[in-house]
Amino acid sequence: MPELPEVETFKKYFDNTSLNKTVKDIKIRDNRILKIPEEQFIKEVKGQTFKSTLRHGKYLFVKLNSKYIVFHFGMTGDFEYFNDLNDEPIHSRILFELNNGYYLSYISMRMFGKVDLTNTVKEFLKKKKLGPDGYTMTIEEFKDTLKRRSAIAKTALMDQSIIAGIGNLYSDEILFRTKIHPKTKINLLTDAKLVDLFNNIKEVLKFGIENEGDLSIYPNNFLIPHRVLEEKCPICGTILQRYEISGRHGFFCATCQSLK
DNA sequence: GGTCATGTTGACTA
DNA sequence: TTAGTCAACATGAC
């Protein structure tokens, strides 16, 4: 699932179920999901307590006594908290046995997710070259990160080193709402349009978070329910255009989002 | 069987 | 350096 709103939802789920619990045991169901050797991961995490969590972009950090576990959910990641080991999900890749008798599974059907360890969040963000978090960044950080950039809007929004957290679907929604053509060069936007874009990033992500990343409940006036061939723009009725940028498919309204 | 998918990364070309 | 393209990764749905 995960773009920023989904990861925020996973964070809340983790906080509500597993925070302050101690890891009694760990079972690695598939070590391809780990960025570090299995033995090392187990050694560093077993016996530790989940002290706090922090989300940056699409990454979730879980603080142990000193180090952090870093969860990335790829396209099909999830958590599941349960009591009976028989309920372990099919695609459970890492199983944490907690000291209250419950289990937490890190799930990844397609194995695109990754689990890592880091000494500090700062160090990890630097290593991954992640930009400011899309949901919590300030307008100053936003303008600063776009400075001297000439990428097209769609690419810029999805580039995690520019802004962290926005993916294919939400970038389409944000551009639609701001009435920006996906191929508009970011440095050609007026200051007013940039502020508009900033506000819409916040609003779209906020809406996503409030709905726990559930894309099936989106109102008709959003683009997301219409990202299908032959669908019409909910604002003006024009047939939406499908486009491709760097191997990712998007939709936009050629009338509402004209390229000036 | 073919195509597509909410993501990231590294190689390669301007 | 910055931008953009593409293949690779692994699996399930239609």
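Labels below follow one simple rule: chain letters A, B, ... track the order of the sequence lines, proteins then strands, and each chain is numbered from 1.
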inquiry  = Using a 4.0 Å heavy-atom cut-off to protein, can you give one letter per nucleotide of nucleotides 8-14 of chain B, 5' to 3': B if the base is in contact, S if only the sugar-phosphate is, - if neither?
reply    = BS-----

query = Whom does C:dG4 pair with, Watson-Crick or G-U wobble, provided both distances fall under 3.5 Å?
reply =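 Paired with C:dG4, as far as the under-3.5 Å criterion goes, is B:dC12.
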
request  = Quick one: label A:Gly167 by what it contacts on the DNA or RNA (base, sugar-phosphate, nothing), any heavy atom closer than 4.0 Å.
outcome  =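 Answer is sugar-phosphate: A:Gly167 comes under 4.0 Å of backbone atoms only.
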
inquiry  = What is the first contacted nucleotide of DNA chain C and what is the last, in 5' to 3' order, if contact means an atom lying under 4.0 angstrom from a heavy atom of chain A?
reply    = C:dA3 to C:dG12

query = In whole angstroms, how far is the P atom of B:dA5 from the CD1 atom of A:Ile224?
reply = 15 Å

key: Spacing between A:Asp172 atom CG and B:dA5 atom C1', to the nearest angstrom   =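 The answer, rounded to whole Å, is 14 Å.
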
message = If you take any heavy atom closer than 4.0 Å to DNA chain B, which residues from residues 140-147 of chain A end up in contact?
response =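 Here the set is empty: none.
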
Is it true that [X] and [Y] make a salt bridge, defined as a side-chain N closer than 4.0 Å to a carboxylate O?
| X | Y | value |
| --- | --- | --- |
| A:Glu212 | A:Lys12 | no |
| A:Lys27 | A:Glu97 | no |
| A:Asp172 | A:Lys154 | yes |

key: Given DNA chain C, 5'-ward residue of the pair A:Glu244 and A:Ile162, judged by closest heavy atom   =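 Going by which nucleotide is closer to the 5' end, it is A:Ile162.
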
ask   = Hey, are A:Asp78 and A:His91 close enough side-chain-wise for a donor-acceptor pair under 3.5 Å?
value = no

